[in-house]
Amino acid sequence: MKAAAITLLSLAALTLPLSATPPEYQWREVEIDTIEIGYGLQLTDVDGDSRTDIVLADKSTIQWYQNPSWEKHIIARDLTERDNVCVAARDIDGDGKCEIAVGGQWNFRETLKDGAVFYLVPPPDRTQAWYPVALEHEPSVHRMHWIAGPSGEFSLVVKPLRGRGTLDGVGPGLRILEYTVPPDAGDKWKTRVVGDFLHLSHNFHPVNWDDDPEEELIVAAKEGVWHFDRKDGAWQPTQLTDEFAGEIRDGRLPGGGRFIVTVEPMHGSASAVYIEPAQPGDLWRRAAVLDDALIDGHALAVADYLGIDFDQIVVGWRAMKPKGEPGIKLFTPLDKEGAEWRETKISGSALAVEDIKTADLDGDGRPDIVAAARQTKNLKIFFTEP
């Protein structure tokens with residue numbers, strides 16, 4: 001059953017004037033590959049031609065798709081005995097070409113020995129195989145991001161799903177590790193702990209909510225959503241919500257107010273929007289439930305797809321457990337408080353979302369959506385078309 005926040009809306013209830021009602025867009029689907037699972041996506045420039053390419057961590061391969069032909073280049077294969085599970089790709093040295101790290105040896109319930117982290121060293125021809133450098137890791141490696149530091153340098157942050165030796169979130173907290181990049185990638189990478197008290201953390205996201213150049217992290221976990229910021233050289237956590245969350249992203253409402261959006265709980269049925277409290281230190285207030293009938297909610301992507309100077313939310317679910325119809329929806333805010341949202345269906349059973357990322361792929365100034373799927377085994381681009 002739908003949440004009351006997105007039932008049929010009366011125009012009188014909206015705080016935006018009628019003339020400001022956001023437009024609707026069409027979405028042109030282009031399927032670019034048949035894949036195995038599609039665990040992790042990143043959208044970035046791989047070859048330095050100033051076009052945004054697609055990087056994918058599939059079951060046993062790491063590959064990138066070259067914009068605009070979308071030709072596939074497999075750059076790593078069979079790094080571990082078990083599946084790849086995540087990928088981080090970002091230009092960290094300013095040369096216009098991304099650096100890539102990979103997480104693998106994925107084993108959903110094992111928490112003592114499995115897991116892997118690799119940095120991939122590119123050859124001169126980036127369409128050829130990259131050389132993997134194995135790094136220290138925790139068991140249950142699950143998500144990773146390159147993040148900007150205080151002096152312009154970048155580090156790699158890697159987050160497990162579970163704590164070492166835990167069973168269903170009971171036991172020691174998981175250790176989020178920050179890796180310092182050495183001058184030579186083959187040298188030892190130093191690590192430090194970002195946080196070690198959360199359990200069952202499915203996803204996290206880099207943000208920059210203050211005036212300094214360095215990025216912070218928002219982390220979704222069994223204990224809710226937490227914000228981690230560096231202060232006096234150490235990572236300091238602040239709790240934002242107390243509901244078990246699996247996915248997390250942030251954005252801006254009409255008028256500029258900040259929000260975060262979740263999928264609750266992990267692989268859950270609800271997507272909720274929270275707004276920043278008036279009093280610092282208070283928990284964020286739940287403003288709306290976008291949908292409470294998701295089946296296996298698994299991905300979020302926030303951007304201004306419609307070109308209206310505030311953000312919209314893409315929610316994807318894979319309907320794997322329990323079996324059902326997967327889909328992708330776009331939610332557009334209709335007031336400054338984030339209480340009313342318009343729902344637009346983008347995709348249905350043709351794609352069962354494993355991961356979603358968004359960027360302008362065709363250079364028209366509008367973000368497009370890239371989605372990878374497990375059960376339907378496809379990789380698609382959804383181009384925005386007014």
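Sequence positions, counted from 1, serve as the residue numbers for this chain.
Ion pairing between a basic and an acidic side chain is recognised when a charged N comes within 4.0 Å of a carboxylate O; R252 and D304 show no such pairing. Salt bridge annotation for K357-D355: present, with a cationic side-chain nitrogen under 4.0 angstrom from a carboxylate oxygen. One finds a salt bridge joining E214 and R230 here, because a Lys/Arg side-chain nitrogen approaches an Asp/Glu carboxylate oxygen to under 4.0 Å.
F197 and W226 have their aromatic ring centers within a separation under 6.0 angstrom. Note: F259 and W284 fail the aromatic proximity criterion, with ring centroids not under 6.0 Å apart.
Using bins of under 30°, 30° to 60° and over 60° for the plane-to-plane angle, the ring pair H298/H267 lands in the tilted bin. Aromatic ring pairs are classed by plane angle as parallel below 30°, tilted from 30° to 60° and perpendicular above 60°; the pair Y305 and W27 is perpendicular.
Counting non-hydrogen atoms of other residues, nucleotides and ligands closer than 6.0 Å to CZ of R192 gives a total above 12.
When every heavy atom of L200 is checked against every heavy atom of L174, the shortest pair comes out as N-CD2, 3.9 Å. The two residues H142 and S201 have their closest heavy-atom pair at ND1-O, 4.4 Å. Pairing each heavy atom of V261 with each of V273, the nearest pair is CG2-CG2, 4.2 Å. R164 and L112 make their closest contact through NH1-O, 3.6 Å (heavy atoms, listed as atom of the first residue, atom of the second, distance).
Residue pairs meeting the side chain to side chain donor-acceptor pair (under 3.5 Å) criterion with at least one member in residues 90-102, sequence neighbours excluded: R90-E215.
Each of F154, F204, F228 was checked for a ring pair (Phe, Tyr, Trp, His ring centres under 6.0 Å) with H145, and the lone residue meeting it is F204.
Without hydrogens or angle criteria, N67 side chain to R51 main chain gives no donor-acceptor distance under 3.5 Å.
With F108 as the aromatic partner, R162 meets the cation-pi criteria of under 6.0 angstrom to the ring centre and within 45 degrees of the ring axis.
The side-chain heavy atoms of T191 and T180, taken from C-beta on, include no pair separated by under 4.5 Å.
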